[in-house]
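In what follows, a single structure is set out as structure tokens and then discussed.
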Amino acid sequence: MGVAELSPAMASGAIAQLRNIQKTFGKGEKPALAELTADVFGGRITGLVGPDGAGKTTLIRLLAGLMAPSSGTITVDGSDPIADADRVRSIVGYMPQKFGLYEDLTVAENLDLYADLRNVTGQYRKETFHRLLQFTDLAQFTGRPAGKLSGGMKQKLGLACTLLGKPKVLLLDEASVGVDPISRRELWRMVQALVSEGMAVLWSTSYLDEAELCADVLLLNEGRLLFNGPPKELTDRVKDRCRLVRGIGGSRRQVLARALRLPEVLDGVIQGSNIRLLLRNAAREPSPADLNAGPEAQWTSGPPRFEDGFIDILGGGPGGHSVLAEHLPVVPHAGEVVIEARELTRKFGSFTAADHVHFQVRGGEIFGLLGPNGAGKSTTFKMMCGLLVPTSGLATVMGIDLKQSASEARQKIGYMAQKFSLYGSLTVGQNLQFFAGIYGLNGARKREAIEQMIAVFSFGPLIQTKADELPLGFKQRLALACAVMHEPPLLFLDEPTSGVDPVTRREFWTHINGAVEKGVTVMVTTHFMDEAEYCDRIGLVYRGKLIATGTPDALKKMAARPGLEEPTMEDAFIELVGRHPD
């Protein structure tokens, strides 16, 4: 790739150093970072993880020289990011959460713009463009507007623009958010190639399987550094405390909720037909009878994951109780077909985005639509919501034809958009008011629904806060509140937890599991494969077609082969898509 040459000492030593960093944004406010000391090493990927609001983005911006610490010292390759701003900016590549691609410019035009900004000129510019386009596999797309690239390709272009100018340090703030597992692996391989040449990488991520692959991890919470070291050290803290409950009879969701109420259980998630639990340190092992999991239920020990150590050091997950579910009425449609796609097709000119898609979803079921970026799942999803008219075929919800009666059908649906359908300039209270009106609530019923959502999601202290100023986790809670306040029997969730941390994701799924137990039907798209495990059934979409349908365990079984006897959900995704060549 031609990154800047590093001395042997720098390639193995700390290229960025932070000492006793304190960052406060307002007088009397809690510090965003407090007493933080850490190093970032050349030739290594350092993972940066923590809950929403932990201080990860603040730390990255301090290293990039975009803000100054309130106290403490920072050096990058021996220079102060503020005092020596020009030098530091010349050796740091920074890719923020919302990278500033110009969507109406082509791939080539975006590269030209960023090359001008980094003063990359002449023959070296041509050679750099050639290397970057080959490196990112974007050479054949130079004339395509950035806005028409898939999510994975946008991230690759963002990375290419960041790498202009031979940076020594690469700062990636949630670079893989919204990217499918195949594109995430490609991004990871690209960054590993840069590291092999000596570059120092600090990668903030909400995907803890990514963090587990890093050489070092910095784990922040409320501005403080809780862990600094190889991820295996954190994983080893819980090596004898992970259990799988197999052979469950009845509802997995109910069994999980009961398990999370036990004092011995620190955390738990659904994993296909099983439940995966993390026990408290030195706690006794509950019996299957404690969970009322059925006569065939059995305990087995499971290997620990980095995510278990993450949850453990934070003091545990959010538990299994959903105040939201308590307030929802019972939906009497269990077992009936309530969502159906029949030969559903959508064309954009000569391009077929969805090609004769067919599936059914029954009441009280969670149905997941998975697929690579640009595969057609969002197009299918939007047709099922009534937001996009099909070219041909039929889409129905609760027996209503969306093509003929979209307005009537939408009253049965709660919709949570991929890029939160909130109005950023409106306050929390104003968003609740607006969406209550959109869903036809008025008078006493409207006031009651709004008050209920404020109580359920603890919005009281934030009621006058603009949506744009909320932490990501609270934006997600507000979007969910707006989607459910009219008590819909159907929930359509389009990548609802993109970018949020594992604790917030667990809280979200506690609410969804509780709603489903009341009979609510859920259709969801996601790039988190551990989230896909919560689905009762999954439809895998590729190149506009539904290429596989089944339970999470069934899809994993389909993907099994010699050398991949026990695939994860991510393995299954990549394997099954790979069996359908372009």
Side-chain angles (χ1 to χ4, degrees), residues 51-53 97-98 151 174 177-178 206 318 322-325 327-328 366 368-369 377-378 381-382 384-387 410-441 446 449-516 520-528 531 534:
D52 295 328
Q97 288 183 26
K98 296 179 180 177
E174 300 283 1
V177 163
S206 54
S322 170
V323 180
L324 172 63
H327 288 277
L328 294 177
I366 301 178
L369 271 182
K377 64 183 183 300
S378 290
F381 193 85
K382 288 175 181 176
M384 299 310 302
C385 296
L387 299 175
R410 279 197 289 266
Q411 294 302 310
K412 309 286 186 183
I413 293 171
Y415 176 61
M416 188 170 165
Q418 181 178 349
K419 295 180 179 176
F420 304 109
S421 51
L422 301 173
Y423 288 87
S425 60
L426 299 184
T427 67
V428 169
Q430 289 168 334
N431 269 284
L432 291 170
Q433 289 277 350
F434 176 78
F435 281 96
I438 286 290
Y439 284 121
L441 302 180
K446 180 178 180 179
I450 291 172
E451 289 170 3
Q452 194 174 86
M453 291 302 102
I454 292 171
V456 164
F457 292 100
S458 303
F459 288 143
L462 300 168
I463 203 70
Q464 297 299 327
T465 304
K466 290 183 178 180
D468 271 350
E469 297 171 1
L470 293 172
L472 183 57
F474 273 98
K475 283 183 181 178
Q476 182 234 37
R477 293 181 186 109
L478 178 57
L480 179 60
C482 292
V484 301
M485 67 166 60
H486 62 302
E487 300 176 349
L490 310 177
L491 269 179
F492 283 71
L493 311 171
D494 192 7
E495 295 189 35
T497 62
S498 181
V500 303
D501 67 88
V503 176
T504 305
R505 201 155 63 243
R506 280 161 169 72
E507 177 191 327
F508 177 86
W509 278 97
T510 293
H511 291 313
I512 298 306
N513 287 336
V516 171
V520 173
T521 306
V522 175
M523 189 165 168
V524 60
T525 70
T526 181
H527 287 315
F528 283 99
E531 197 166 78
Y534 282 87

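- Residue Gln476 comes nearest to Pro496 through the heavy atom pair CG-O, 3.5 Å, listed as atom of the first residue, atom of the second, then distance.
- A donor-acceptor pair shorter than 3.5 Å can be found between the side chains of Thr497 and Glu531.
- Taking CE of Met453 as the reference point, atom CG of Asn431 lies at 14.5 Å (rounded to 0.5 Å).
- Here the shortest heavy-atom pairing between Lys377 and His527 reads NZ-CE1, 3.4 Å.
- In this structure the side chain of Thr525 never reaches within 4.5 angstrom of the side chain of Ser378, judged on heavy atoms.
- Results of the side chain to side chain contact (heavy atoms under 4.5 Å, CB included) test with Leu478 over Leu422, Thr465, Leu462 single out Leu422 as the only residue that passes.
- The side-chain heavy atoms of Lys446 and Ile450, taken from C-beta on, include a pair separated by under 4.5 Å.
- Distance alone, capped at 3.5 Å, places no donor-acceptor pair between the Asp52 side chain and the Pro471 backbone.
- No side-chain heavy atom of Met416 sits less than 4.5 Å from a side-chain heavy atom of Leu491.
- With hydrogens and angles left out, the side-chain atoms of Asp501 and Ser206 include no donor and acceptor closer than 3.5 Å.
- The shortest side-chain heavy-atom distance between Phe492 and Leu387 does not fall under the 4.5 Å cut-off.
- By the 6.0 Å and 45° rule, Arg477 stacks over the aromatic ring of Phe474.
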Leu480 and Phe508: side chain to side chain contact (heavy atoms under 4.5 Å, CB included), yes or no, with the steps? CA-CA 9 Å; Leu480 179 60; Phe508 177 86; 4.0 Å; yes
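- The structure places OG of Ser425 at 6.5 Å from NZ of Lys466, a figure rounded to the nearest 0.5 Å.
- Summarising the geometry of Ala483 relative to Pro488, their closest heavy-atom pair is O-CG, 3.6 Å, with the distance given to 0.1 Å.
- Summarising the geometry, atom CZ belonging to Arg410 is positioned 10.0 Å from atom CD1 belonging to Ile438; distances are rounded to the nearest 0.5 Å.
- With a 4.5 Å cut-off on side-chain heavy atoms, Gln97 and Val177 do not count as touching.
- Counting only heavy atoms from C-beta outward, the side chains of Tyr534 and Val516 never approach each other to under 4.5 Å.
- In this structure, Leu426 CG and Leu432 CG are separated by 10.5 Å, a value rounded to the nearest 0.5 Å.
- Using a 4.5 Å cut-off on side-chain heavy atoms (C-beta onward), Ile512 and Leu493 make contact.
- The two residues Gln464 and Thr427 have their closest heavy-atom pair at O-CG2, 3.4 Å.
- Ring pair Tyr423/Phe434 is perpendicular by interplanar angle, where above 60° counts as perpendicular and below 30° as parallel.
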Take Phe457 and Val428, measure what side chain to side chain contact (heavy atoms under 4.5 Å, CB included) needs, and give me the verdict at the end. CA-CA 11 Å; Phe457 292 100; Val428 169; over 6 Å; no
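- Between the CD atom of Gln433 and the SG atom of Cys482 there is a distance of 10.5 Å, given to the nearest 0.5 Å.
- Between Tyr415 and Phe381, the ring planes are tilted. Angles from 30° to 60° get that label.
- Rounding to the nearest 0.5 Å gives a distance of 4.0 Å between CZ of Phe528 and CZ of Arg505.
- Nearest approach of His511 to Leu324, heavy atoms of both residues: ND1-CB, 3.6 Å.
- Two residues are said to be in side-chain contact when any heavy atoms from C-beta on lie closer than 4.5 Å; Met485 and Gln452 fail this criterion.
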